[in-house]
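Reviewing the structure listed below.
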Amino acid sequence: MKILYFAFLRQRTGLGEETVNAPDEIQDVAGLVEWLKTRGPGHAEALRDVSAIRVAVNQEFAGMDTAIAANDEIAFFPPVTGG
Amino acid sequence: MKILYFAFLRQRTGLGEETVNAPDEIQDVAGLVEWLKTRGPGHAEALRDVSAIRVAVNQEFAGMDTAIAANDEIAFFPPVTGG
Amino acid sequence: MTVKVQREDFDVGAEIAALTAGRSDIGGVATFLGLVRDIAGDEEISAMTLEHYPGMTEKMLADIEAQALVRWPLDETLIIHRYGRLEPGDRIVLVVTASAHRKAALESCEFLIDWLKTRAPFWKLEETGQGEHWVEARESDDEAATRWNKTPAKAAQ
Amino acid sequence: MTVKVQREDFDVGAEIAALTAGRSDIGGVATFLGLVRDIAGDEEISAMTLEHYPGMTEKMLADIEAQALVRWPLDETLIIHRYGRLEPGDRIVLVVTASAHRKAALESCEFLIDWLKTRAPFWKLEETGQGEHWVEARESDDEAATRWNKTPAKAAQ
């Protein structure tokens, strides 16, 4: 699946985008977040406080309990500040 | 005094503007209207229905009882329609 | 803080650019551009002529602009109103308000155009297939302008 | 019915002219132009960078534009939003709504800019004398956008 990071999450992970193969037992956003945190200290720091993070699955706002699948595009970002 | 006519009043009097010397006993707009009506059939027709007429004295909205003086600019027009 | 009553057309982009040139304190510019429609009420119109009271019109427009400046924190305001014969699609009126805050710009722009569309000393002669006629003042428009007498400015609170 | 998310600047006059060209059914065009201010909160800023989510941003902007079209009788709408590094005085966002009726144009323009300023998927990195920082979402702006969920469109009634 394709993971996107924006704003401070992009800076802390050092990545705008990465393609990952999450283990099959990961079925929702919450599980994905926990797994992504194991990928390195930047990821752990970026994803530490989930209350400060919003998520979109396939470009639609989603929640921690949203189900995910192998070909999804999942984006993490702070609350939007508007234009 | 200077009299101005706008819109249908201008068309009916056939005048955009005229300078008149009203008799001294004419002290307010109502008196002026009655006197102006005697100036001709166009004036009489234009000023016939005072409920359809608005007036300004020296470029300020005024009423039928507003006092007038020799050097005033007095304008008659329909209710404004806006831009 | 400008009022122009003119026969000539105007350039919206140039007017906004002139108003904001070199400014970095303006956050929002609200604009209303009024155009001549080919329909008035149920009737098709081919043209209209706007008559006004030179001198008094400018004074009243400057006065309502001053009222807007008291009610909202505005950096710049501009009113341009045309007179003379205009055809469908032609520009008639432009209101531009600029403020640090978007609510102030939006509300004051609406306030000014409501006033202009109802209270400004203009008279309209419409040309239709049946000839010419003077437009009478409309009640519904008057209500829109009257609303502002009752409602305190939100952004100014 | 156009949405553009772009790095390039835009020409307000040209955009409005293109929208209204050859039309004689449009009575009013409401426009909101947002500019970068040199002050954010209490802080002086020298520049800001707008980051966005390409693809999702366009989708969300088209979606809110479609909502405006359902709520108000609009002839044309246009949203342009820039991203990238911008300096004080630079244009950020343009909303244009055109309708036969001025209330519909004004209200829908306010609706769209309220939404854009609060809900659009952008993130702001501000540059100040003390360095750079990401701007956090603001409560007061959120209220302005939430208002529209409660208030039925006046002009559409």
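Chain A is the first sequence line, chain B the second, and so forth, proteins listed ahead of strands; every chain is numbered from 1. Just the heavy atoms: all of them, side chains too, but no hydrogens, waters or symmetry mates, feed the values below.
With respect to chain C, the highest number of heavy-atom pairs below 4.5 Å among D:I26, D:V95, D:D11, D:V12 belongs to D:I26. Of the listed residues C:G34, C:G89, C:G27, C:A30, the one with more heavy-atom pairs under 4.5 angstrom with chain D than any other is C:G27.
Nearest approach of C:S24 to D:P88, heavy atoms of both residues: CB-CB, 3.6 Å. D:R37 and C:D25 make their closest contact through NE-O, 3.7 Å (heavy atoms, listed as atom of the first residue, atom of the second, distance). When all heavy atoms are compared, the tightest approach of C:L106 to D:E110 is CD1-CG, 3.8 Å.
Interface residue D:A100: backbone and side-chain heavy atoms are both found under 4.5 Å from chain C. In this structure, the portion of C:I16 lying under 4.5 Å from any heavy atom of chain D is its side chain and not its backbone. Neither the backbone nor the side chain of D:I92 comes within less than 4.5 Å of any heavy atom in chain C.
With contacts defined as side-chain heavy-atom distances shorter than 4.5 Å, the pair C:L35/D:V29 qualifies.
Heavy-atom neighbours of C:E44 CD from other residues, nucleotides or ligands within 6.0 Å: at or below the threshold of 12. Heavy-atom contacts from other residues, nucleotides or ligands closer than 6.0 Å to CD of C:E136 number 12 or fewer. More than 12 heavy atoms of other residues, nucleotides or ligands shown are found within 6.0 angstrom of CD on D:E43.
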